[in-house]
Each structure stands twice: as C-alpha cells, then as structure tokens.
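Here's the structure we're looking at; comments come further down.
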2 protein chains.
Amino acid sequence: MPTDDAAPLRADARRNLEKIMSAARDVVVEHGLDAPMELVARRAGVGVGTLYRRFPTREALLGAVAEAYVADLVTATRRIIDGAVDSWSALRELVDWCASPGQGALAAALADLPVAQVQALPAFARSRHEWLELLDGLVTDGQRAGMIRADIGTGDLVALLTVFTCHPDQLPRHVADQPARYLHLMLDALAATAPRATPLPGTPPS
Amino acid sequence: MPTDDAAPLRADARRNLEKIMSAARDVVVEHGLDAPMELVARRAGVGVGTLYRRFPTREALLGAVAEAYVADLVTATRRIIDGAVDSWSALRELVDWCASPGQGALAAALADLPVAQVQALPAFARSRHEWLELLDGLVTDGQRAGMIRADIGTGDLVALLTVFTCHPDQLPRHVADQPARYLHLMLDALAATAPRATPLPGTPPS
DNA sequence: GGCAACCGGAATGCCTCATTCCGCTTGGAG
DNA sequence: CTCCAAGCGGAATGAGGCATTCCGGTTGCC
C-alpha cells in the first residue's frame, strides 16, 4: 500500500485504489501469484494505466496485497482463538475459516512460497511472525492438553494449511472442490490418539 | 512411444531414444508437466532436433512418458500388494514407494490433472483404470477388515497421493522436502479409530 | 472556469518456448 | 572400403503472453 504521507488522493482515485486492492486480492486467490496485471485491472473495472499510477510495479501491488492479507489472517486468527473454548476447537475453526470460499489461505501460501520481494516487506514479516506465534501457542497448548500429537510442530500445520488451500489450478480437482474435507482429514491426523504402531518419518520443520 | 512397426532404428538412434525417454521422465518429475522441451534435450545430452525426429510434438513426448509412467505404477503397485501381509501395510508400502526420490507419483498427477491429449491415449487410460482398480481393492479390503475408516474413498487416496507428490515447485518447501512425512501423517488420518466427534465434511470423490 | 490529477487502453518491448531447417556426421549394407 | 540414407546438433523462426509506458481525453475540486 502506498505510504499516505504524500498528497491526499482525489476522491475518485481513492475509490479506485480500494477497488484495485480488493480485485487484486480476489484475483490472486483465484489465479495464484502470477496472475496477469490486466486481470486485476479488468476485475477492478479500471484500466491498467490506473493500476500502474498507484503501484509502480507488479511487485509493489503483490506486496500490498500480501501485507493486507497476512494482517487479516492475524486478526481472524486472534479473534478465533479468543472466542474458542480450547485450542482444539480453535484449530478447527481456524481451518474452517481458511477453507471458506473466497478466503483461501493465500496468506499461508505467501508466507511460505519464495517471493523474495514480498517476504522482505517489514510489515509483512512482522504480521507473518505474529501469526506464526499465534499458531505456535495453539499447537503447544493443544499438545500440553493432550489433544494434539506430540510429534508434529507448528511448521507441519502451516505446511498442511498451505498445501490444501493454495489456488485451485495446482490442486487435484477433488481437493480444490472441497478443501474443508481434506483440511479436516488433516486435523484428524494431527489429533492425539493411542500410541501409533510406527513413528512418523522425518522431523517437524521449524 | 512410437510404434515399432516402422523401419527399425539405427543403433545410435535407439540409444538416443532411450536417453530421451529417461530424461523426459526425470525432467517432468522435477519440473512438472510444462517443462520446456529443451530441458529434456539437454538432460538427454541431445539436440532438440533429435528429440523432434522421434516425437513430432510436445504432446507426443508427454504421452509416451505418461504411458510408461502409469504402466510402471501399476507394476509396482501390483508387486507391493502381492507381497504385503494385509492391505494396510500394502498401503504404507505404496505410499513409501510413491514418496521415494526420483519416483514421484507423477503418474497420479497425470491421472488427475487435465491433460486431455494424454488422458485420451488408450494405453494410458487402460493402465490408469487398472491402477484405480488395484487401489480400490486395497481400500475396500482395508475397510472390510476395519483398518481403514469407512467414510473415505479411493478418490480421497488418489487425491492425497497426488497432492503430496506433485513436483516440488508447487509445494511448500517442507512438504517437498519430506513428502513421506506428510503422506504418513495423512495415512494416520485414514486409519480406522474410535468414532470421531465430528464427521468429515463433504463426500468422498468417486 | 481552469488546471492538475486522473483515466482507459492501445502500443511497445521483452522473453519464453515449440517447432523447423539445414549443413554436417556416421552406422552399416553391399 | 564406399556410399548414402538415416541421424545429429543447435541456430533461427514465429507466435503468444505479459509488464510497463504513453498520451489524448476527463473530471474532481479550488
């Protein structure tokens, strides 16, 4: 998002800026990180020129979207955690939120995929860190309470959320069609149960 | 693979054909279905011209790779099933095989992603059907024996195999690094357990 | 009313491939 | 050993897709 210490925008320009941000978010959720700029412009009902007046490059736009997106994610996650009775149900609600249509867990994708330019944005990094911390609390709590198996880590959760909610083109039809189904399957996998016959291979990522 | 009823290939040509098929398989596993032809050529230590003398179009090459790949998959799956003591351990071994490096479950991806030209190849379709039938037997058996939960279907298994073994570029680093870890995690989710608090949302894909 | 800030979108330039072409090599039949 | 069709490598061609630029025409707002 452009810094607002410059001259204030004209009313119509501000309106357009909002349309652009919103369109960009939708387009990125639907078409992935490399969606063409023109798609964003068309979706916003605006010419590409307008878009470029506000964001000098594609990276700038993606950065703005990313920052807004992770910020949202943090807010939603915090709200869910505050309202839930225990960490397990918080987890379930979080999963549902991520799977809800138009929501996507794109932020999770952004948080993991290598978009150097975006990762470097301070605001993005800060929010991302905050989010990871929230998740970490959730997982740790759940494990202490014996609701989540001990051999997985927050990184596993992030990885799985990312996988099942990235944009549809990259997923098998079934998964793209009902992300919630697979996310809940994943939750079942994370739940603590009787000792398992064979340990999980590999190590939980940091 | 070109029909062999034509004039027999010169010795060096046959050698090159093999190098090409092998390279193509590797490249597709590593870079996905839209890897550039030149990558294949370079990997095979051959000029693009050579590659095009054998396969008239990109589709032809992909088709050949796909056919060979699914055929392999069927063979391996059958071998695993025949050698396993029960369907659950067969499933586990199958997962390990798919996750083994350089193996990829690309065939599974091919089986699901919409590559019309490839899906239409009779040999491919036949093998794919055969494979699905094998998996179906596995799942049904496992369910009858009470080892696999009843509310999932073969399609779920295929979807999961596909997701976790598609080429690395599309997966979060952690998942790409240890596909076996996540496949086994999901396997745990497929296992039959005490009745679950909440039913799985959605329906098992056919 | 006047003009700086805005707009839309055609035009430009770059890049990434698939596919083709052609002059040079080389198995292997006779 | 000769010869030439079958092979070969890889530069060149052409199409398509996309970010970004430019500019003649609008429009908030003082």
Side-chain angles (χ1 to χ4, degrees), chain A residues 1-24 27-28 30-66 115-118 167 169-170, chain B residues 1-24 27-28 30-66 115-118 167 169-170:
Chain A
M1 199 113 50
T3 49
D4 45 74
D5 51 45
L9 292 176
R10 232 166 64 176
D12 56 343
R14 184 167 32 261
R15 216 163 20 243
N16 276 337
L17 177 55
E18 267 157 37
K19 285 195 288 184
I20 289 172
M21 284 292 285
S22 156
V27 166
V28 170
E30 282 173 32
H31 299 271
L33 285 173
D34 33 6
M37 293 296 258
E38 201 190 328
L39 226 55
V40 175
R42 195 151 36 217
R43 176 83 150 237
V46 136
V48 274
T50 303
L51 190 155
Y52 272 92
R53 178 172 346 268
R54 231 38 86 191
F55 301 95
T57 70
R58 153 195 204 67
E59 254 65 35
L61 175 55
L62 285 182
V65 170
V115 186
Q117 307 259 338
V118 169
H167 66 278
D169 298 357
Q170 315 211 336
Chain B
M1 198 115 53
T3 48
D4 44 75
D5 51 46
L9 292 176
R10 232 165 63 174
D12 56 343
R14 183 167 33 259
R15 220 168 10 247
N16 276 338
L17 177 55
E18 267 157 38
K19 284 195 288 184
I20 289 172
M21 285 292 286
S22 158
V27 166
V28 171
E30 282 172 32
H31 299 270
L33 283 173
D34 33 5
M37 293 296 259
E38 200 190 330
L39 226 55
V40 174
R42 196 151 36 215
R43 177 82 152 235
V46 137
V48 274
T50 303
L51 190 156
Y52 272 92
R53 173 153 322 88
R54 229 40 84 193
F55 300 95
T57 71
R58 154 194 203 66
E59 253 65 35
L61 175 55
L62 285 181
V65 170
V115 186
Q117 307 259 339
V118 168
H167 67 280
D169 297 357
Q170 317 212 332

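Keep in mind that the numbers below use all heavy atoms, side chains included, and drop hydrogens, waters and symmetry copies. Numbered from 1 within each chain, the chains take letters A, B, ... in sequence-line order.
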**Request:** Using a 4.0 Å cut-off on protein heavy atoms (strictly under), produce a 5'-to-3' string for nucleotides 19-30 of chain C with B for base contact, S for backbone-only sugar-phosphate contact, and - for none.
**Result:** BB-----BSS--
**Message:** Give me the atom names and distance for the closest heavy-atom approach of A:F55 to A:A64.
**Reply:** CE2-CB, 3.7 Å
**Message:** If the test is side-chain contact (heavy atoms from CB on, under 4.5 Å), which one of A:R58, A:E38, A:M37, A:K19 qualifies with A:L51?
**Reply:** A:M37
**Request:** Measure across B:V40 and B:A23 and return the closest heavy-atom pair with its distance rounded to 0.1 Å.
**Result:** O-CB, 3.7 Å
**Message:** At less than 4.0 Å, is any side-chain N or O atom of B:N16 found next to OP1 or OP2 of D:dC8? Yes or no.
**Reply:** yes
**Fill in**
CZ of B:R43 to NE2 of B:H31, rounded to nearest 0.5 Å, is 6.5 Å
**Message:** Is there a side-chain contact between A:L9 and A:N16 in this structure, where contact means two heavy atoms from C-beta onward sitting under 4.5 Å apart?
**Reply:** no
**Request:** Let me know the distance between CG of A:L51 and P of C:dC6, rounded to the nearest Å.
**Result:** 15 Å
**Request:** Locate the shortest heavy-atom distance separating B:T57 from B:Y52; write the atom from each residue and the value.
**Result:** CA-CE2, 4.3 Å
**Message:** Nearest 0.5 Å, please: how far is CZ in A:R54 from OG1 in A:T50?
**Reply:** 8.5 Å
**Asked** What is the distance, rounded to the nearest whole Å, between atom CG of A:D34 and atom P of C:dC15?
**Response** 18 Å
**Interface residues of residues 40-47 of chain B with DNA chain D (non-hydrogen, below 4.0 angstrom)** = B:G45, B:V46, B:G47
**Complete:** Considering only heavy side-chain atoms of B:T50, the closest of C:dC17, D:dG9, D:dG7 is D:dG9
**Fill in**
CG of A:D34 to CG of A:L62, rounded to nearest 0.5 Å, is 9.0 Å
